[in-house]
Amino acid sequence: MTDLLARATALDAADPLAAFRERFVPAPVVSYLDGNSLGRPLEATARLMDDFIRGQWGDRLIQGWTDGWLEWPLTLGDRLGAVALGAAAGQTVVADSTTVLLYKLARAAVDARPGRRKVVLDTDNFPTDRYVLEGIAAERGLSLHWIETDPATGVHPGQVAAAVDEDTALVLFSHVAYRSGWLADVPEINRIAHEAGALTLWDLCHSAGSVPVELDAWGVDLAVGCSYKYLNGGPGAPAFGYLRQALQAELRQPIQGWMGHRAAFEMGPGYEAAPGIRALLSGTPPILAMVPMHANLDMLAEAGIEAVRAKSLLLTDYVLDLADAWLVPLGVEVVSPRDPARRGGHVTLRRAGFEELLAPLWASGVIPDYRRPDGLRIGPAPLSTSFTEVHQGLAILRDLAEKQR
Ligand SMILES: *Cc1c(COP(=O)(O)O)cnc(C)c1O
């Protein structure tokens, strides 16, 4: 027990990213373990928001649009692509929500493969992904081929190989599974899908800002993700969408708004898509909600995504060790990959009755994430979480679980 605490202290002392934790707005909690659901705000974000409201919005008023706001969806997209996604410029936009961008991209993809009637996806993907594709299938007369994934792991290339064929228009998976944290083999699954002539769409909500992504190198066709989890963008922060350069002339998204028009301010008669990635936009971009992203991308660029991933693996290794020492003997099951090569940024623990522990955990200042029916997700965001904080949080969980027994 004491050596587990000594290890946390030693890991914190050796942590090259430790100082970043001081840059966040102080939280009145003992242990915040829900960075995979809502990242914490930076002090710099609070300043930027105030500067934006008083300076840019308050002073420049409507001129702000021509001062640069109109370019933010693209310039922030390029920066995000460079800092976190392995995407060269001109392929990423910041816009909408994940759900809406997912609809736009998936519709564009299936419409670009006419004659192919099948979409391959998995039963354990995030609900919005499943629901959006159900809607598109109904709209376009497509059939959904569901791969049954084990909720403790995730999608395997062999399952994809068995599911795709010459009738498959699109495959859709999450890079990191929201439940188990399983890290999918993106390049291999892309290779298999492409061999069958299908397009690939990846949901990066649980990887952006946590796990290095190489969209260009991995041959990803389309991707979406949110900016409020490991990217600390704030509740309801806009999403991002990626569309590979080579597909931009071919794919057409269905929400033809004026901001995706070739010449928005000519207010002309018919819709003509803008060249390049701008055609992914629809209406007025959520500029106010994009302000935090400037601070967050500066921080991520400074820290480096590889260093973030290295700390993330040490954090989840440590979570696994604490779970094995303290929780598994109490009947808790680890339902996340132990292999670091297949593990994303969080660890899920399962035990009947976890739901009853939520209120006492919160009352004790420990904030994990809960997923029905009995899963507790431990998501220590690398830039804002210390090893000691993880130790404190899981020690309180252990004591409560012991009492419950
Ligand atoms: C968080 C999350 C979403 C959220 O979609 P919203 O439109 O932002 O509500 C979608 N997909 C995955 C995999 C997620 O983890």
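Just follow the structure's listing: the first ligand is 1, and inside any ligand the first atom is 1.
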Practice item. With heavy atoms under 4.0 Å as the rule, classify the contact between T99 and ligand 1 as side chain, backbone, both or neither. Key: both
Point to revise | Subset of ligand 1 atoms that lie under 4.0 Å from at least one heavy atom of H206 | key: 15 (O)
Study note, to complete from the structure: Rounded to the nearest 0.5 angstrom, the CZ-CG distance for F126 and L102 is 11.0 Å
Check your understanding: So which bit of L102 gets within less than 4.0 Å of ligand 1, heavy atoms only: side chain, backbone, both or neither?
Key -> neither
Point to revise | atom 5 (O) of ligand 1 [closest protein heavy-atom partner, distance rounded to 0.1 Å] | key: T98 CB, 3.4 Å
Check your understanding: After noting the C-alpha distance and the side-chain angles of T316 and R343, does the key distance pass the side chain to side chain donor-acceptor pair (under 3.5 Å) rule?
Key -> CA-CA 9 Å; T316 50; R343 193 194 319 145; 2.8 Å; yes
Check your understanding: Of all the atoms in ligand 1, which lie at a distance below 4.0 Å from a heavy atom belonging to D129?
Key -> 10 (C), 11 (N)
Review point. Are R372 and E355 side-chain neighbours, meaning at least one heavy-atom pair lies under 4.5 Å?
Key: yes
Check your understanding: Which of the numbered atoms in ligand 1 are below 4.0 angstrom from a heavy atom of K229?
Key -> 1 (C), 2 (C), 3 (C), 14 (C), 15 (O)
Review point. Taking the side chain from T123 and the backbone from T149, do they hold a donor-acceptor pair closer than 3.5 Å?
Key: yes
Practice item. Quick one: look at T128 and ligand 1, take heavy-atom pairs under 4.0 Å, and tell me if it's side chain, backbone, both or neither. Key: side chain
Practice item. Starting from the C-alpha separation in whole Å, work towards a yes-or-no answer on side chain to side chain contact (heavy atoms under 4.5 Å, CB included) for M290 and F52. Key: CA-CA 11 Å; M290 291 184 192; F52 180 85; over 6 Å; no
Check your understanding: Looking at atom 10 (C) of ligand 1, what's its closest protein heavy atom, distance included?
Key -> F126 CD2, 3.4 Å
Revision key, fill the gap. If we number the atoms of ligand 1 from 1 as shown, the ones under 4.0 Å from a heavy atom of D203 are 10 (C), 11 (N), 12 (C), 13 (C)
Review point. Quick one: are R342 and D185 in side-chain contact, heavy atoms under 4.5 Å?
Key: yes
Practice item. Check ligand 1 against S174 and write out every atom of the ligand that is under 4.0 Å from a heavy-atom position of the residue. Key: 13 (C)
Review point. Taking the six-membered ring for Trp, is the centroid-to-centroid distance between H156 and W182 below 6.0 Å?
Key: yes
Practice item. Do me a favour and list the nearest non-hydrogen protein atom to atom 8 (O) of ligand 1 with residue, atom name and distance? Key: Y228 OH, 2.6 Å
Check your understanding: To the nearest 0.5 Å, how far apart are CD in Q91 and CG in L247?
Key -> 9.5 Å
Point to revise | Subset of ligand 1 atoms that lie under 4.0 Å from at least one heavy atom of C205 | key: 2 (C), 3 (C), 10 (C), 11 (N), 12 (C), 13 (C), 14 (C), 15 (O)
